[in-house]
Trainee: 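The structure follows.
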Amino acid sequence: MLSACLEFLGLGLCVLGSLLVMVACGLPMWKVTAFIDSNIVVAQTIWDGLWMSCVVQSTGQMQCKIHDSVLALSRDLQTARALTVVSAVLGVAAMSVTIAGAQCTNCIKDESVKAKVVNAGGVIYIISGLFVLVPLCWMANSIIVDFHNPQVPSSKKREIGAAIYIGWAATALLLLGGTLLCCSCPQGVTGSYPIKYAPTKTITVNGEFDKKHYV
């Protein structure tokens, strides 16, 4: 019962984390305009994302433009694109593997094999979380470095957007859920082969071993 609860909880956290990864991947708010001047009344706000850049006017009107060339992007954006997409694909694959080995399904009959499949799904979820963690930390580090660089003009400085915070929350859910799936092995499943004991030998009245045990 405990293992089934851990499986259900871990799978729920991982599915939610995978959905947040997809949301963070699609949102354009990875880098937002930094308001560091004395006059905070600005006419527009600029959002930079993995797939598009958006300009939000003070009137509420928003215009977005998809990035024309992948090669024209910075290295952190190119890496974030690739690793975030890979993380989302791994999340879908891990969900399929985990559901196939879950105790509430009958896709696999052998209990020991089902436990190993669930553990494999948990490992894939952990790898998915690490894949999305790398571009998030790289992007945040580049934003902070450029923000404190005096050679970068104020109009080019950016702050950490909401998509990065959502990605960090998704990473935490994936790592926690994957760990729960790896720890959800049932207690009765200890190995693939049962333990066999040798038959005991009986002693006759004369104190000697029964000859029927000898070949």
Side-chain angles (χ1 to χ4, degrees), residues 12-95 124-179:
L13 293 176
C14 290
V15 170
L16 180 59
S18 297
L19 292 177
L20 290 181
V21 169
M22 298 177 186
V23 171
C25 181
L27 285 178
M29 292 176 290
W30 284 67
K31 299 179 181 180
V32 298
T33 305
F35 302 104
I36 58 178
D37 295 332
S38 58
N39 184 14
I40 62 174
V41 180
V42 293
Q44 61 185 15
T45 303
I46 301 175
W47 297 344
D48 293 327
L50 301 181
W51 311 97
M52 65 183 70
S53 296
C54 297
V55 177
V56 183
Q57 306 293 337
S58 58
T59 58
Q61 184 180 5
M62 182 175 62
Q63 296 178 348
C64 297
K65 180 183 178 182
I66 299 176
H67 297 308
D68 297 328
S69 176
V70 179
L71 299 178
L73 298 175
S74 58
R75 288 184 299 175
D76 54 354
L77 283 177
Q78 293 180 11
T79 305
R81 264 191 177 190
L83 293 182
T84 307
V85 171
V86 171
S87 175
V89 173
L90 286 177
V92 175
M95 182 180 64
I124 298 175
Y125 271 124
I126 293 175
I127 296 174
S128 175
L130 295 177
F131 263 96
V132 75
L133 180 63
V134 172
L136 292 172
C137 295
W138 188 0
M139 187 82 68
N141 178 71
S142 63
I143 293 173
I144 294 173
V145 170
D146 292 340
F147 185 86
H148 294 288
N149 189 359
Q151 298 180 355
V152 178
S154 299
S155 59
K156 297 294 184 181
K157 292 184 178 182
R158 299 289 186 266
E159 289 184 351
I160 299 175
I164 295 182
Y165 293 107
I166 294 175
W168 279 334
T171 301
L173 292 176
L174 288 173
L175 295 179
L176 179 59
T179 303

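The shown structure was predicted, so the numbers you read here are calculated from the model rather than taken from an experiment.
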Trainee: In Å, rounded to the nearest 0.5 Å, how long is the span from CZ of F131 to OG1 of T171?
Mentor: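 The OG1 atom of T171 is 12.5 Å from CZ of F131, to the nearest 0.5 Å.
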Trainee: Can you name the nearest heavy-atom pair linking G161 to V32, along with the distance?
Mentor: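 For G161 versus V32, the nearest heavy atoms are CA-CG1, 4.1 Å.
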Trainee: How long is the gap from CG on L83 to CG on L136, to the nearest 0.5 Å?
Mentor: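 CG of L136 is found 9.5 Å from CG of L83.
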Trainee: State the CD1-NZ distance between I143 and K157, to the nearest 0.5 angstrom.
Mentor: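 It comes to 13.5 Å.
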Trainee: With a 3.5 Å distance limit and no angle check, can you tell me whether S128 reaches the backbone of S87 through a side-chain donor-acceptor pair?
Mentor: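 Yes; at least one donor-acceptor contact below 3.5 Å.
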Trainee: Check whether any side-chain heavy atom of L175 lies under 4.5 Å from a side-chain heavy atom of L130, and answer yes or no.
Mentor: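 They are in side-chain contact.
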Trainee: Any side-chain heavy atom of I46 sitting closer than 4.5 Å to one from R158?
Mentor: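 Yes, at least one pair of side-chain atoms sits under 4.5 Å.
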Trainee: If you take all heavy atoms of I160 and Y165, which pair is closest and at what distance?
Mentor: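 For I160 and Y165, the tightest heavy-atom pair comes out as CG2-CE1, 3.7 Å.
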Trainee: Quick one: list whatever passes salt bridge (charged side-chain N to carboxylate O under 4.0 Å, His left out) with R81, sequence neighbours left out.
Mentor: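 For R81 there are no salt bridge (charged side-chain N to carboxylate O under 4.0 Å, His left out) partners, ignoring immediate neighbours.
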Trainee: For the residue pair L13 and G177, what are the closest heavy atoms and their distance?
Mentor: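 The pair with the smallest heavy-atom distance is CB-CA, 4.1 Å.
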Trainee: Should the pair D76-K31 be classified as a salt bridge under the 4.0 Å nitrogen-to-oxygen rule?
Mentor: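 Result for this pair is yes, salt bridge flagged.
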Trainee: I need the minimum non-hydrogen distance between A24 and A163, along with the two atoms involved.
Mentor: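 Looking at all heavy atoms of both residues, the closest pair is CB-O, 3.5 Å.
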Trainee: Are Y125 and L174 close enough, and set up right, to give a side-chain contact (heavy atoms from CB on, under 4.5 Å), and what steps lead you there?
Mentor: CA-CA 6 Å; Y125 271 124; L174 288 173; 3.7 Å; yes
Trainee: Considering only heavy atoms from C-beta outward, does the side chain of L133 approach that of W168 to under 4.5 Å?
Mentor: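 In short, these two side chains touch, coming nearer than 4.5 Å.
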Trainee: Tell me, with the steps shown, if M95 and V15 meet side-chain contact (heavy atoms from CB on, under 4.5 Å).
Mentor: CA-CA 7 Å; M95 182 180 64; V15 170; 4.0 Å; yes
Trainee: How long is the straight-line distance from CH2 of W51 back to SG of C25, given to the nearest 0.5 Å?
Mentor: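 Those atoms lie 5.0 Å apart.
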Trainee: Roughly how far apart are H67 NE2 and D48 CG, rounded to 0.5 Å?
Mentor: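 That separation rounds to 6.5 Å.
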Trainee: So do M22 and V92 actually touch side chain to side chain, heavy atoms under 4.5 Å?
Mentor: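 Heavy-atom side-chain distance check passes, below 4.5 Å.
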Trainee: Can you name the nearest heavy-atom pair linking A80 to P135, along with the distance?
Mentor: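 Closest approach of A80 to P135, heavy atoms only: CA-CB, 3.4 Å.
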Trainee: Calculate, to the nearest 0.5 Å, the distance between atoms CD and CE belonging to Q63 and M52 respectively.
Mentor: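 Reported to 0.5 Å precision, the distance equals 13.5 Å.
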Trainee: Using the side-chain contact (heavy atoms from CB on, under 4.5 Å) rule, take L77 and M139 through it: C-alpha gap first, then chi angles, then the decisive distance, then the call.
Mentor: CA-CA 8 Å; L77 283 177; M139 187 82 68; 3.4 Å; yes
Trainee: Between I124 and L90, what is the shortest heavy-atom contact and its length?
Mentor: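 That closest heavy-atom pairing would be CG2-O, 3.6 Å.
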